[in-house]
Amino acid sequence: EVQLVESGGGLVRTGGSLRLSCVASGFTRFTFDEYAIGWFRQAPGKEREGLACITIDDGNTLYEDAAKGRFTIFSDNAKNTVYLYMNALEPDDTAVYYCAADSTGLGSTSVYDFDAWGQGTQVTVSS
């Protein structure tokens, strides 16, 4: 099963930017370019929500409203890595951010469509 490791979280002031990284490894049944990789977040007391997804083979992207206009998802296939660039951050963006892999490669922002998850990285936005 594929393993995912997120990094890049931290403390940032309102209006600041962060770039999160998700490195994938441990491919057995599928290669990296057969996957769709998504970014999600979960704030305390709230359900996990989808933000963005990229299908690796063709680079198509999908964004939810919370991410549109401020967040960008992109991949470096040579490094088996997917990034989430976030700008104009607000306190409501404070959450644990997760990346996840969908072996069907179809592309989705639903938590139910992903079969492997990273451990998460904390993002805190101060006012």
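Along the sequence shown, residues carry numbers from 1.
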Using the rule that Ile, Leu, Val, Met, Phe, Trp and Tyr join whenever any side-chain heavy atoms are under 4.5 Å apart, tell me whether Val12 and Leu84 fall into a single cluster.
yes
If we only count heavy atoms from C-beta on, is the Phe71 to Leu89 side-chain gap below 4.5 Å?
yes
Less than 6.0 angstrom from the centroid, inside 45 degrees of the normal: does Arg48 satisfy that with respect to the ring of Tyr98?
yes
Show me, pair by pair, the donor-acceptor contacts under 3.5 angstrom made by side chains of residues 120-127, not counting sequence neighbours?
{"residue": "Thr121", "atom": "OG1", "partner": "Gly9", "partner atom": "N", "Å": "3.1"}
{"residue": "Gln122", "atom": "NE2", "partner": "Ala95", "partner atom": "O", "Å": "3.4"}
{"residue": "Gln122", "atom": "NE2", "partner": "Thr124", "partner atom": "OG1", "Å": "3.4"}

Any side-chain donor-acceptor pair under 3.5 Å between Ser108 and Asp113?
yes
Which pair of heavy atoms, one from Leu18 and one from Gly8, lies closest together, and at what distance?
CD2-O, 3.8 Å
Side chain of Thr55, backbone of Asp57: donor and acceptor closer than 3.5 Å?
no
When hydrophobic residues are tied together by side-chain contacts of less than 4.5 Å, even through go-betweens, does Leu4 share a cluster with Phe40?
no
same_hphob_cluster(Met86, Ile54) at 4.5 Å side-chain heavy-atom cutoff:
yes
Below 4.5 Å, heavy atoms only, C-beta onward: do Thr14 and Pro91 meet side chain to side chain?
yes
Shortest non-hydrogen contact from Gly26 toward Gln3:
CA-OE1, 3.5 Å
I need the minimum non-hydrogen distance between Val2 and Phe27, along with the two atoms involved.
CG2-CE2, 3.7 Å
In the structure I gave you, are the side-chain heavy atoms of Val5 and Gln119 within less than 4.5 Å of one another anywhere?
yes
Could you give me the CA-CA distance, side-chain angles and deciding distance for Asp102 and Tyr35, then say whether side-chain contact (heavy atoms from CB on, under 4.5 Å) is met?
CA-CA 6 Å; Asp102 170 15; Tyr35 282 89; 5.7 Å; no
Trp117 with Val96, same ILVMFWY side-chain cluster at under 4.5 Å
yes
Between Phe74 and Tyr83, how do the two ring planes meet: parallel, tilted or perpendicular, split at 30° and 60°?
parallel
Check the hydrophobic clustering (I, L, V, M, F, W, Y; side-chain heavy atoms under 4.5 Å; chains of links allowed) and say if Phe30 and Phe32 are grouped together.
yes
Evaluate the side-chain proximity of Ile73 to Tyr63: yes if any heavy-atom separation is below 4.5 Å, no if none is.
yes
Would you check if Trp39 and Cys53 make a side-chain contact, meaning some heavy-atom pair closer than 4.5 Å?
no
Please identify each residue that fulfils ring pair (Phe, Tyr, Trp, His ring centres under 6.0 Å) with Tyr97, with sequence neighbours left out.
none
Rounded to the nearest 0.5 Å, the SG atom of Cys22 sits from the CD atom of Glu6 at a distance of 5.5 Å
Out of curiosity, Cys99 SG to Leu51 CG, how far, rounded to the nearest 0.5 Å?
12.0 Å
Tell me, do Val82 and Ile56 make a side-chain contact under 4.5 Å, heavy atoms counted?
yes
For the side chain of Arg70 and the backbone of Ala88, is there at least one donor-acceptor N/O pair under 3.5 Å apart?
yes
Assess the residue pair Asp115 and Ser103 against the criterion (side-chain hydrogen bond (donor to acceptor under 3.5 Å, both in side chains)); give the C-alpha distance rounded to whole Å, side-chain angles, the decisive distance to 0.1 Å, and a yes or no.
CA-CA 7 Å; Asp115 42 27; Ser103 59; 2.7 Å; yes
Side-chain heavy-atom pair Asp93, Arg41 within 4.5 angstrom cut-off:
yes
Check for a donor-acceptor pair, side chain of Glu64 on one end and backbone N or O of Lys68 on the other, with a separation under 3.5 Å.
no
For Asp92, does its backbone N or O pair with a side-chain atom of Thr94 as donor and acceptor, under 3.5 Å?
no
